[in-house]
Amino acid sequence: MLVACSSSPPLQTLKPVADEVWIADGGRVSFDGVPFPTRMTVLRLPDGGLLLHSPIGREPGLLDELGHLGPVRHLVAPNWIHYALLPGWQAEMAGALTWACPGVVERAASRGVELRVDRVLEGGRLPLRYRLLARAIGVLDPDGRAPIDIRLSFLGGRAALRAAVEQMPAFEPERVLFAHGRWYPRDGTAEFRRAV
């Protein structure tokens, strides 16, 4: 049986996921009027520094917890909508490198947010999907799959895509974390097989 976890209290608190990996669920942010729950993943790197993937809001208790783990060295905006809370972290952690996908600076600027990006991540951008549309096209948990537009974008490279998708379960992940909604603290390989 798969066990799934969603954003849940306590918010703004580190929850261990695996050795040197934590998540912290935050409040909701709104993009184009659509509310999204937030979740940050924290990795402690071999040098003791921390990488914050999709940083959530900064609360004193969370900052204290992070301070006990190590110095924040990397801030990551994994796609063009996960930048919303980065400016505050940049001000708080001036020495941390900010990594972001292409287009994040322009997207932030179009909304009046000044964002510094030190390194650009390679890769494409995923389009923003509203909840009803997401449900209609079948991308929501518990039986979600890649959106049709993403699948169609690989029509010319289906063999390469299939090989990459089949590679994921081969890693035999124990856990699968998502930026929003449920995550799987065990049986990750089975969840990947179900989704492909």
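Atom-to-atom distance recorded for L51:CG and R44:CZ is 13.0 Å, nearest 0.5 angstrom. Atom CG of residue L50 and atom CE of residue M93 lie 8.5 Å apart, to the nearest 0.5 angstrom. Here the CG atom belonging to L97 is positioned 5.0 Å from the CZ atom belonging to R119, to the nearest 0.5 angstrom. To the nearest 0.5 angstrom, R39 atom CZ is 7.5 Å from T41 atom OG1. Taking NZ of K15 as the reference point, atom CG of D25 lies at 3.5 Å (rounded to 0.5 Å).
Between L66 and L14, some side-chain heavy-atom pair lies under the 4.5 Å cut-off. A heavy-atom distance below 4.5 Å is found between the side chains of W22 and L69. Taking the side chain as every heavy atom from C-beta outward, R28 and P37 approach each other to under 4.5 Å. Side-chain contact between L115 and Q90 is present, with heavy atoms from C-beta onward closer than 4.5 Å. Side-chain contact between P55 and L86 is present, with at least one heavy-atom pair separated by less than 4.5 Å.
Screening L75, L85, L52, V76 against M40 for a side chain to side chain contact (heavy atoms under 4.5 Å, CB included) leaves a single residue, L52.
Side chain of T13 to main chain of L11: a donor-acceptor pair is present (N/O by atom type, distance under 3.5 Å, no hydrogens or angles). Judged by distance alone, the side chain of T98 and the main-chain N or O of D118 form no donor-acceptor pair under 3.5 Å.
Residue P78 comes nearest to H53 through the heavy atom pair CB-NE2, 3.3 Å, listed as atom of the first residue, atom of the second, then distance. Taking both residues in full, the closest heavy atoms of P87 and V113 are given as CG-CG1, 3.6 Å, listed atom of the first, atom of the second, then distance. A pairwise comparison of heavy atoms in V117 and A100 identifies CG2-CB, 3.8 Å as the closest pair.
Contacts classified as side chain to side chain donor-acceptor pair (under 3.5 Å) and involving residues 55-67 (residues at least two apart or in different chains) are not found.
Under the rule for a side chain to side chain contact (heavy atoms under 4.5 Å, CB included), the partners of P71 that lie at least two apart in sequence or sit in another chain are R73.
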